[in-house]
S.K.: 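Take a look at this one; I'll ask things after.
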Amino acid sequence: MAARIQIINGPNLNLLGKRQPDIYGHETLDDVAADCTALAADLGLDLQFYQSNHEGGIIDCIHAARDTCAGIVINPGAYTHTSVAILDALNTFEGFVIECHISNVHKRERFRHHSYVSLRADGVIAGFGTEGYQLALRRLATLVTG
Ligand code: DHK
C-alpha cells in the first residue's frame, strides 16, 4: 500500500500567487497541490493536502495524521515563529516531518529566523520557492521507503 503523506499549509498561504508575489511567487496553492499530486503519483505516495488560517485546525490535522500518515510536509506560515502548540502536536507524530518555507526566512526579518517547528523537523527547506514542496516530497519518498 502507498505511504500516505500530509501536506499542511498555514495562515495566508491560501493567498499564494496574489500575496507579495515578489517574495512568494506567482503560483497559487491550487497549482502547488496539482504539482505535488502529480509528483506523488510518480513517487508512489498517497497525498493529502490541507490549508488553514487557524492554529487549532492545523493541530487537528496533525493529530489526524498520527494514525494514517507516514510523513508530514508543513509550512506553518507565521505560526512557525510563534507556535509552541504546533510544535507540541508535531511531537505527538511518529512519522517523518519536513518543514518547508517558500522564501529564505534567514534572509528576511530577524523574527523569522527562529522556528519552533525546526525543533521537531527531520529536514528544513527554505528559499526554493514553491518547488520546495516537491523537494520535500522527494525526501519523504526516500525516507519512507527506507
Ligand atoms: C510563509 C509565511 O507566511 C511567513 O509567515 C513565514 C513562510 C515564511 C514561507 O516562506 O513560506 O515567515
Side-chain angles (χ1 to χ4, degrees), residues 3-43 45-66 68-144:
R4 186 170 293 169
I5 304 297
Q6 178 71 58
I7 296 187
I8 303 176
N9 280 285
N12 300 305
L13 289 160
N14 54 310
L15 295 181
L16 206 59
K18 297 180 194 137
R19 165 201 190 206
Q20 296 178 280
D22 49 316
I23 296 175
Y24 298 106
H26 292 278
E27 262 206 318
T28 67
L29 201 59
D30 283 347
D31 295 333
V32 173
D35 291 346
C36 287
T37 301
L39 177 63
D42 286 350
L43 295 172
L45 299 172
D46 174 10
L47 193 69
Q48 300 185 150
F49 209 86
Y50 175 80
Q51 188 274 331
S52 177
N53 292 322
H54 305 279
E55 195 173 23
I58 294 166
I59 292 165
D60 288 344
C61 183
I62 294 166
H63 289 177
R66 278 164 41 82
T68 55
C69 293
I72 290 175
V73 178
I74 184 165
N75 181 350
Y79 286 139
T80 305
H81 320 296
T82 62
S83 181
V84 175
I86 290 176
L87 169 64
D88 284 352
L90 288 170
N91 277 331
T92 75
F93 179 74
E94 290 179 359
F96 299 103
V97 176
I98 307 290
E99 176 182 352
C100 179
H101 302 289
I102 297 164
S103 65
N104 180 1
V105 284
H106 301 288
K107 200 178 168 188
R108 300 180 63 192
E109 302 96 322
R110 209 171 173 73
F111 65 83
R112 294 186 205 274
H113 297 181
H114 176 263
S115 165
Y116 283 101
V117 170
S118 292
L119 292 168
R120 165 63 181 87
D122 298 297
V124 181
I125 291 173
F128 289 81
T130 50
E131 223 181 306
Y133 293 93
Q134 295 177 53
L135 298 174
L137 281 181
R138 288 188 187 281
R139 178 62 183 153
L140 279 179
T142 303
L143 290 171
V144 299

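This structure is a prediction, so every number in the text was calculated from the model and none was measured. Atoms within a ligand are numbered from 1 in the order they appear, just like the ligands themselves.
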S.K.: If we check side-chain contact (heavy atoms from CB on, under 4.5 Å) with Glu99, which of these qualifies: Leu90, Thr80, Leu119?
M.R.: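 That would be Thr80; it is the only one of Leu90, Thr80, Leu119 passing the side-chain contact (heavy atoms from CB on, under 4.5 Å) with Glu99.
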S.K.: Got Arg138 and Leu39 here, is their nearest side-chain heavy-atom distance under 4.5 Å?
M.R.: yes
S.K.: Pick one of side chain, backbone, both or neither for how Ile23 approaches ligand 1, counting any non-hydrogen atom pair under 4.0 Å.
M.R.: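 The answer is neither; Ile23 stays 4.0 Å or more away.
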S.K.: For atom 10 (O) of ligand 1, what is the nearest protein heavy atom, given as residue, atom name and distance?
M.R.: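 Atom 10 (O) of ligand 1 sits closest to the protein heavy atom Ser103 OG, 2.6 Å.
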S.K.: So is Tyr24 touching ligand 1 or not, going by heavy atoms under 4.0 Å?
M.R.: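 For ligand 1, residue contact (heavy atoms, under 4.0 Å) with Tyr24 is present.
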S.K.: Is Arg112 touching ligand 1 with its side chain, its backbone, both, or neither, if touching means heavy atoms under 4.0 Å apart?
M.R.: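 Only the side chain of Arg112 comes within reach of ligand 1.
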S.K.: Are any side-chain N or O atoms of Asn104 and backbone N or O atoms of Ala126, one a donor and one an acceptor, separated by less than 3.5 Å?
M.R.: no
S.K.: Relative to atom 7 (C) of ligand 1, which among His101, His81, Glu99 owns the nearest non-hydrogen atom?
M.R.: His101
S.K.: Would you say Ala78 and ligand 1 have an N/O pair spaced under 3.5 Å apart?
M.R.: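 Yes.
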S.K.: More than 12 non-hydrogen atoms from neighbouring residues, nucleotides or ligands closer than 6.0 Å to CD on Glu94, yes or no?
M.R.: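 Atom CD in Glu94 is not crowded, with 12 or fewer foreign heavy atoms closer than 6.0 Å.
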S.K.: Could you tell me whether the side chain of Arg120 and the main chain of Ile86 form a donor-acceptor pair under 3.5 Å?
M.R.: no
S.K.: NE2 of His54: more than 12 outside heavy atoms within 6.0 angstrom?
M.R.: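 No, because the 6.0 Å sphere around NE2 of His54 holds 12 heavy atoms or fewer from other groups.
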S.K.: Which residue supplies the protein heavy atom nearest to atom 8 (C) of ligand 1, what is that atom called, and how far is it?
M.R.: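 Checking every protein heavy atom, the shortest distance to atom 8 (C) of ligand 1 gives Val105 CG1, 3.7 Å.
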S.K.: Please say whether more than 12 non-hydrogen atoms of neighbouring residues, nucleotides or ligands are located less than 6.0 Å from CZ in Phe128.
M.R.: no
S.K.: Indicate the ring-plane relationship of His81 and His101, choosing parallel, tilted or perpendicular according to the 30° and 60° boundaries.
M.R.: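 His81 vs His101 ring planes: parallel.
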S.K.: Just to be sure I'm reading this right: ignoring hydrogens, which of Ile102, Thr80, Asn104 gets closest to atom 9 (C) of ligand 1? Compare them by their nearest heavy atoms.
M.R.: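 When every heavy atom of Ile102, Thr80, Asn104 is considered, Ile102 comes closest to atom 9 (C) of ligand 1.
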S.K.: Given that the side chain starts at C-beta and the backbone is N, CA, C, O, which of these parts of Gln20 lies under 4.0 Å from ligand 1, counting heavy atoms, or is it both or neither?
M.R.: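 No part of Gln20 is near ligand 1 at this cut-off.
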S.K.: Does at least one non-hydrogen atom of Asn12 fall below 4.0 angstrom from an atom of ligand 1?
M.R.: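 For ligand 1, residue contact (heavy atoms, under 4.0 Å) with Asn12 is absent.
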S.K.: Give me the residue, atom name and distance of the protein heavy atom closest to atom 3 (O) of ligand 1.
M.R.: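 Protein heavy atom at minimum distance: Arg19 NH2, 2.9 Å.
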